[in-house]
2 protein chains.
Amino acid sequence: MSDSLPHRYKHPHPAVTVDLVIFTLRDEELQVLLIERGLKPFQGEWALPGGFVRIEENLTGAAHRELREETGLTQAYLEQVGAFGRPDRDPRERVISVAFFAILSSDKLALQAGSDARAVSWHSCNKIPELAFDHAEIVHAARLKLTEKINRTTIALEFLPTEFTLTELQRVFEAVRGEAIDKRNFRKWSQSLSFIKATGRMRRGGQHRPAELYRANTKGLLPPPRALTETPEPFNSRRVDVAAYRKGFEDALSALHKVLVDSEKKLLKGLVDR
Amino acid sequence: MSDSLPHRYKHPHPAVTVDLVIFTLRDEELQVLLIERGLKPFQGEWALPGGFVRIEENLTGAAHRELREETGLTQAYLEQVGAFGRPDRDPRERVISVAFFAILSSDKLALQAGSDARAVSWHSCNKIPELAFDHAEIVHAARLKLTEKINRTTIALEFLPTEFTLTELQRVFEAVRGEAIDKRNFRKWSQSLSFIKATGRMRRGGQHRPAELYRANTKGLLPPPRALTETPEPFNSRRVDVAAYRKGFEDALSALHKVLVDSEKKLLKGLVDR
DNA sequence: CCAAAAGTGTTCAATCTACACCCATGG
DNA sequence: CCATGGGTGTAGATTGAACACTTTTGG
């Protein structure tokens with residue numbers, strides 16, 4: 001008996017899981033990957049993919065592992081949404097879930113059947129079925145975070161393959177924002193931020209004029225890591241300043257932070273972003 | 001022996017703690033509450049207040065409990081920063097920490113000595129000492145989040161007592177943003193958003209003209225909960241729209257969400273914020 | 001009367017919004 | 001030749017940034 005329950009603690013410990021809200025663009029809609037639960041509780045209901053965090057594993061590492069198990073992909077944008085820990089959220093035992101959202105680009109959509117024969121399918125964010133546990137709340141929080149970031153970062157590019165047309169980019173914004181955008185204004189805006197650049201190549205197909213292909217502009221675009229400098233963002237700075245922030249700037253900041261943490265004390269006068 | 005380790009699990013479970021980044025405004029600076037650790041590891045170093053999440057306890061509940069134990073306060077603004085779970089962040093065992101930040105208004109600053117005789121003190125965010133565990137990273141993330149929200153929400157009011165002058169409000173923004181703000185522009189801006197209203201009363205004191213007192217404007221100011229309506233925010237909407245978002249709008253949204261979750265499906269077309 | 005903080009407007013530049021037509025292609 | 005989506009510019013309104021002096025009080 002004690003062999004089957006070999007891990008012992010002085011105080012009760014909760015289980016910790018990661019749950020993934022995997023977004024993609026399909027049929028010009030924002031969609032989320034859901035699995036149909038094969039086991040109790042909530043058997044037969046839809047839920048987010050997820051699983052336990054291993055004892056030696058990073059939270060982000062666990063999220064990447066789950067993503068790989070679910071989709072076969074080792075590389076994708078991944079960002080923490082937060083921890084969800086209502087005591088009654090799982091009827092079996094106390095489970096605290098750390099939620100992440102991921103973005104799959106539309107060229108990687110082929111869905112391998114999940115590792116364990118469960119039904120897996122994409123659902124439009126506008127028609128999400130009833131979900132198990134508190135997963136409706138998690139999806140909601142993830143969608144809020146995604147929507148918050150779409151205009152402030154280059155996260156939209158994560159939905160697209162390396163080369164894409166401006167119309168495809170506009171479709172991403174429209175799907176995430178849930179509304180139509182004026183074509184001329186969008187093109188002016190996105191190009192003025194110079195986080196994309198034209199490749200000069202064309203995409204032909206369909207009976208219409210070919211579209212110019214763009215890609216992320218990786219050169220010379222990193223915003224100043226203001227969190228670690230002496231000149232915080234000016235009051236009421238223009239949107240263009242912040243909208244150009246690159247995806248992953250937080251990652252860059254925290255990496256920088258680790259490197260500089262000892263020597264930067266004198267620089268740490270002001271902070272960041274907005 | 002087995003009596004002292006009575007909680008047994010099939011798989012190893014991490015411990016889960018909450019850590020608090022408690023902000024306030026002191027000496028016109030943004031400051032953080034730190035405790036000096038009395039025990040190993042990191043004995044004698046500064047750290048964030050925090051403690052284990054009880055098995056039957058909400059994460060938010062645990063954060064409130066820690067806040068109460070540390071400051072004696074039962075009411076304060078509290079918001080989750082995220083989960084921090086590097087496997088090596090605590091040398092004793094695997095500990096996953098869910099960090100929150102709290103804001104103490106300047107009229108509640110009297111520091112009760114912590115429950116257990118440790119040194120407790122305020123530190124300027126511009127001169128934070130070396131911290132135990134990964135607490136430097138947590139403070140950094142909390143400050144990022146605070147800075148992000150100061151212009152988009154009414155969170156600044158949490159730093160002040162119920163009645164305050166415009167200059168005091170300006171000091172909050174200046175401390176959080178880490179820079180001086182033009183007085184006339186600030187007064188126009190803050191008043192135009194109408195999240196505060198004049199009380200007609202005056203604060204006298206000091207040898208200068210008395211200042212008019214303001215308070216939060218609670219009437220008629222809730223922003224439309226766009227996350228749950230059919231009309232998401234327009235493309236590139238003006239800052240004034242979002243800046244008026246009230247503190248706690250996320251709480252309101254999630255409460256609304258629970259109430260409406262069944263009947264709102266048809267409304268769930270678009271989402272929020274800028 | 002003096003020091004100290006409260007209070008107040010205007011001008012200029014940048015950005016946002018709304019809006020309608022021609023272009024290049026495949027069939 | 002025609003249907004389809006690609007591509008382009010301008011004018012008016014809103015907002016942001018810079019900037020200096022008068023007012024009221026307590027001592």
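Letters A, B, ... are given to chains in the order of the sequence lines, protein chains preceding strands, and every chain is numbered from 1.
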- Summarise protein proximity over nucleotides 3-10 of chain C in one line of letters, 5' to 3': B for base, S for sugar-phosphate only, - for none, counting protein heavy atoms closer than 4.0 Å. BBBBBBBB
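- When the C1' atom of D:dG16 is taken as reference, atom CG of B:Leu193 falls 13 Å away, rounded to whole Å.
- By the side-chain contact (heavy atoms from CB on, under 4.5 Å) test, B:Lys183 pairs with B:Gln170, B:Arg187, sequence neighbours left out.
- A:Arg203 meets the salt bridge (Lys or Arg N to Asp or Glu O under 4.0 Å) test with A:Glu168; sequence neighbours excluded.
- B:Arg203 places its CZ atom 17 Å from the C1' atom of D:dT24, with the value rounded to the nearest Å.
- One can place CD1 of B:Ile181 at 13 Å from C1' of D:dG16, the figure rounded to the nearest angstrom.
- The salt bridge (Lys or Arg N to Asp or Glu O under 4.0 Å) search around A:Arg68 returns none, not counting sequence neighbours.
- Qualifying salt bridge (Lys or Arg N to Asp or Glu O under 4.0 Å) partners for A:Glu163, counting only residues two or more places apart in sequence or in other chains: A:Arg201, A:Arg215.
- Counting only residues at least two apart or in different chains, salt bridge (charged side-chain N to carboxylate O under 4.0 Å, His left out) contacts with residues 26-35 of chain A comprise A:Glu28-A:Arg171.
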